[in-house]
Amino acid sequence: MSTIILQLSGGLGNQMFQYALFLHLKALHRDVTIDDFTEYALREKDTDSRYVQRKPMLEKAFGITYPKASREDLIRLTDGDLHLSSRIRRKLTGRHSLEKREEEMTFDPSFLTDETGYFTGCFQSEKYFDAVEKDVRQAFTFRKERVEQSPETLAAGDRILGSSPSCAIHLRFGDYVAKADVYGGITTGEYYDAAIAYMRSHVPGVHFFVFSNDEEKAGDFIRQQDQAEDFTLLTGNNEENGDLDLYLMQLCDHFIIANSSFSWWGAWLGKAKDKIVLAPSLWIHRRNGRELSARDIYTKDMTLVSPRGEIVTGKERKEPLVSVIVACCNVDAFVRRAMDSCLLQTYENLEIIAVDDGSTDATGQILDAYAKKDNRVRVIHKENGGLSDARNAGLKIAGGAYIGYLDGDDFYDPDMIEYLVKAIQRTGADIATVRYREADENAPLSKIPGTGRVDDALSASVLLGREKALDNFVSMSLTGNAAPVIIYNSVWSKLFRREAVEGLTFPKGHNSEDILYTTRALLSAESVAVGTKPFYNYVTNRSGSIMNEKAGERRFRDEFPFFEEQIFLLRTSGYPEISLKAEYYYYRRLLFYDLDFRRSAGCEAYARRLEEKMQAKKERILAVMEQAPCATKGDLARMRLFLKSPKALDDLDALYTKTVVKVKHGRD
């Protein structure tokens, strides 16, 4: 009676990962068997909608046999008994299955410590079997008699061995084209161009052997290459004989792999001591956007290349110049902390452009002192023109490939820029963002973080395409820090590729300038890497802060017009539904502002102005509150009440706060 059943599933590459875990479990003296019938009893459609039957390949390729799970054990571990008494019990008490599913490409050490269960998953990580590497390599020795049955394979093998140095290139089409939402946009043309160039620069005279499941497209790929004579397409092996392609692949000295377990194993089995393995920095697209959580698929000897063709790991990784624009005006009590947070960054290739915007205190002198002690600091002294004008002055001289911002009274965590650069490079995004934490004006600098913090933050990041990023941006406008994934208005929470913001400036003489700048940047970006961890320290309620002065006037002069322009910009850029959402949330925001004005001393006149503004657009507001895809009955009811009597909504909100909210907080 087995206590662990390991399910076999997928193609040959997946089966090899699962069997490698099986070998480790056996070495740990677990009583483990393999279920090789559950997943292979079903038929799958291929890209031509023809039915194909996948089946276990381990015995055919390697002569591997294994203990097979009995149906009785499978029923016992999954609580799958179909007897009436069992079905009644499950209805009453629920299923008591011991099935344990692995999160894809995320190493879970509990699979090596649990002593019972039905284990399902891909287990695509060397960490599941590195302790028994020798056993795994021995198990995955290709059957000599199987190879010798194919004269074409023998001839191709002789050519590979005679062409040293050699490099295998894997081009995955077919099922990957059909599932482009999962696998597409990762091994791009830029990826292969950069990988080939890298290989040629490191391995003079290298000859490339191309493996693919689409010979026609692979042939086109070769014909498009410079020096096409350096490439050989290996043909003749279909899905049924994929093990022979894997045999040939592992004979090569070096590897450019696809986001495929098949070429992963080809590279892993390669025997050259100095082998170079180039792999895509993304492996799979996830519905939740957590592409970078698939980090355990990679081995230490892999050099990662992004979809944009950037080398993002290893000694050859380039650290592009980052321009950080620090706008400063009368912040002499805080500017040292801001500047120190830049100079102490774990990412060192920085250009820190500190703009003294007509300060009348010691801010300018403090900045000059920093420029004298660190040549990465450049100081601009200018007449006071406001935050937008100060940032624009910095933009004029910024030379970095990436642009970031810091307000002179705030400060970075020491690894913020490192995280942002890696997030952009690993994903190929145009913009990367972080969360912020609120900080007291006397808060000290953050301490140097522990090892692995950036990697953990990358794994928790979410990659959003342009449309989803815009939708998140307008939908999360009222949540503050409450939403798990949020793109703020603020530019200081972001790092921008220069090309994504080329030509963008801030409107001089206005505050709330980030609204339009960020909107335009998102409209030009193909994708955004959204961080879910805080790295920026936002100082709140500082006396003298722009955000605390004349809030009512600032909102009418700057914020409201900018939100209205954002709505127009989204609609005219081809995003009518997102524009409608933005308009909905804008009107919803105005309700909160009216309550603030009514309850703030000296702001009654702003409340009256806002109420008049909304009455003038009453019909449009109600139409949006009814038609927007994010509309709720509660919001519509509150808006109707407000448009009839703002005071009535104020009274209702006060009553709600005194009763429902108070009770909820009491329970907490």
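The analysis underlying the following values was restricted to heavy atoms, covering all of them including side chains, and did not include hydrogens, waters or symmetry mates.
- Side-chain atoms of Asn288 come within 3.5 Å of backbone atoms of Arg290 as a donor-acceptor pair (strictly under, hydrogens ignored).
- Listed by first and then second residue, the salt bridge (Lys or Arg N to Asp or Glu O under 4.0 Å) pairs that reach into residues 527-540 come to none, sequence neighbours excluded.
- The backbone N or O of Gly270 lies less than 3.5 Å from a partner atom in the side chain of Lys275, making a donor-acceptor pair.
- No side-chain donor-acceptor contact under 3.5 Å links His510 to the backbone of Ser388.
- Val434 is listed as a side-chain neighbour of Leu420, based on a closest heavy-atom distance under 4.5 Å.
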Report the C-alpha separation of Asn349 and Val322 in whole Å, then their side-chain angles, then the decisive distance to 0.1 Å, and conclude whether the side chain to side chain contact (heavy atoms under 4.5 Å, CB included) test is met. CA-CA 6 Å; Asn349 192 19; Val322 175; over 6 Å; no

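- Aromatic pair Tyr538/Tyr436: ring centres closer than 6.0 Å.
- Between Phe208 and Phe231, the angle of the ring planes stays under 30°, which puts this pair in the parallel group of the 30/60° scheme.
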Please test Tyr536 against Ser493 for side chain to side chain contact (heavy atoms under 4.5 Å, CB included), starting from the C-alpha separation and ending with a verdict. CA-CA 7 Å; Tyr536 189 93; Ser493 60; 5.6 Å; no

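- Looking at Ile297 and Ser261, their side chains never come closer than 4.5 Å, going by heavy atoms from C-beta outward.
- No donor-acceptor contact under 3.5 angstrom links the side chains of Ser490 and Asp514, judged on distance only.
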Between Ile169 and Ile196, does a side chain to side chain contact (heavy atoms under 4.5 Å, CB included) hold up when you go through it step by step? CA-CA 9 Å; Ile169 297 181; Ile196 289 168; 4.0 Å; yes

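- Asn14 contributes no side-chain N or O that, together with a main-chain N or O of Ser9, makes up a donor-acceptor pair within less than 3.5 Å.
- Between the side chain of Tyr298 and the backbone N or O of Pro280, at least one donor-acceptor pair lies under 3.5 Å.
- Side-chain contact, Ser293 with Arg286: a donor N or O sits under 3.5 Å from an acceptor N or O.
- Taking the ring axis of Tyr405 as reference, the NZ or CZ atom of Arg391 stays within 45° of it and closer than 6.0 Å to the ring centre.
- Rounding to the nearest 0.5 Å places OG of Ser512 at 4.5 Å from CD of Glu559.
- Considering CG of Leu171 and OG of Ser260, their distance stands at 11.0 Å, rounded to 0.5 Å.
- The residues Arg287 and Asp181 are annotated as not salt-bridged, no charged nitrogen and carboxylate oxygen being separated by less than 4.0 angstrom.
- A salt bridge is defined here as a Lys NZ or Arg NE, NH1 or NH2 lying under 4.0 Å from an Asp or Glu carboxylate O, and Asp214 with Arg172 fails to meet this definition.
- Contact detail for Gly408 and Ala338: the closest heavy-atom pair is O-CB, 3.4 Å.
- The backbone N or O of Gly266 lies less than 3.5 Å from no partner atom in the side chain of Ser263, so there is not a single donor-acceptor pair.
- Ionic pairing of Arg466 and Asp430 is not present here: no N-O contact between side-chain nitrogen and carboxylate oxygen is shorter than 4.0 angstrom.
- The CG atom of Leu282 sits 5.5 Å away from atom CD1 of Ile186, with the distance rounded to the nearest 0.5 Å.
- Thr572 places a side-chain N or O within donor-acceptor distance of the main-chain N or O of Phe568, the cut-off being under 3.5 Å.
- Annotation: Glu577, atom CD; neighbour count of heavy atoms from other residues, nucleotides and ligands within 6.0 Å does not exceed 12.
- Between Tyr412 and Phe535, the gap from one ring centroid to the other reaches at least 6.0 Å.
- Of the possible polar contacts, one joining the Ser125 side chain to the Asp296 backbone as a donor-acceptor pair under 3.5 Å is found.
- Taking a 6.0 Å sphere around CD of Glu467, one finds it holds 12 or fewer heavy atoms contributed by other residues, nucleotides or ligands.
- Counting heavy atoms from C-beta on, the side chains of Arg426 and Glu291 never come closer than 4.5 Å.
- Note: Glu126 CD to Asp301 CG = 7.5 Å, rounded to the nearest 0.5 Å.
- The aromatic rings of Phe17 and Trp265 sit tilted relative to each other, their planes meeting at an angle between 30° and 60°.
- Side-chain atoms of Val277 and Thr299, non-hydrogen and from C-beta on, never get closer than 4.5 Å to each other.
- Around the CD atom of Glu348, the shell of radius 6.0 Å holds no more than 12 heavy atoms that belong to other residues, nucleotides or ligands.
- Side chains of His170 and Ser212: no donor on one and acceptor on the other come within 3.5 Å.
- Between Glu583 and Arg620, at least one side-chain nitrogen of the basic residue sits less than 4.0 Å from a carboxylate oxygen of the acidic one, meeting the salt-bridge criterion.
- Each of Lys217, Arg223, Gln225 was compared with Phe221 under the side chain to side chain contact (heavy atoms under 4.5 Å, CB included) criterion, and only Gln225 meets it.
- Between Tyr183 and His285, the distance from one ring center to the other does not fall under 6.0 angstrom.
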Could you walk me through whether Ile256 and Met199 pass the side chain to side chain contact (heavy atoms under 4.5 Å, CB included) check? CA-CA 9 Å; Ile256 297 173; Met199 195 66 70; 3.9 Å; yes

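- Inspection of the Asp413 and Tyr419 side chains reveals no N or O donor paired with an N or O acceptor under 3.5 Å.
- Distance check, rounded to the nearest 0.5 Å: CZ of Phe255 to CE of Met302 gives 10.5 Å.
- Inspection of the Asn511 and Arg554 side chains reveals no N or O donor paired with an N or O acceptor under 3.5 Å.
- Between Glu319 and Arg317 there is a salt bridge, since at least one side-chain N of the basic residue sits less than 4.0 Å from a carboxylate O of the acidic one.
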Output, in order, the C-alpha distance, side-chain angles, deciding distance and verdict of ring-ring contact (aromatic ring centres under 6.0 Å, His included) for Phe496 and Tyr517. CA-CA 11 Å; Phe496 303 88; Tyr517 188 95; 5.7 Å; yes

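- One N or O on the side chain of Asn472 and one on the backbone of Ile487 form a donor-acceptor pair closer than 3.5 Å.
- Within the 4.5 Å cutoff, no side-chain heavy atoms of Tyr191 are placed close to those of Arg308.
- If you run side chain to side chain donor-acceptor pair (under 3.5 Å) between Arg589 and each of Tyr593, Tyr585, Tyr587, only Tyr593 comes through.
- Here the side chain of Ser306 pairs no donor or acceptor atom with the backbone of Ser281 at under 3.5 angstrom.
- Interatomic distance, CZ of Phe211 versus CD1 of Ile257, reported as 13.5 Å (0.5 Å rounding).
- Using a 4.0 Å cut-off between charged side-chain N and carboxylate O, Glu351 and Arg498 make no salt bridge.
- Salt bridge annotation for Asp471-Lys468: absent, with no cationic side-chain nitrogen under 4.0 angstrom from a carboxylate oxygen.
- Under the 30°/60° scheme for interplanar angles, the aromatic rings of Tyr128 and Phe107 are found to stand perpendicular.
- Salt-bridge annotation for Arg295 and Asp455: absent, with no side-chain N of the basic residue lying under 4.0 Å from a carboxylate O of the acidic one.
- Here the side chains of Arg555 and Phe563 are not in contact, with every heavy-atom distance at 4.5 Å or above.
- Counting only N and O atoms by type, the side chains of Tyr586 and Glu564 include a donor and acceptor under 3.5 Å apart.
- At a threshold of 4.5 Å between non-hydrogen side-chain atoms, the residues Asn259 and Ile284 do not count as touching.
- Looking only at side-chain heavy atoms (C-beta outward), Phe473 and Asn489 come within less than 4.5 Å of each other.
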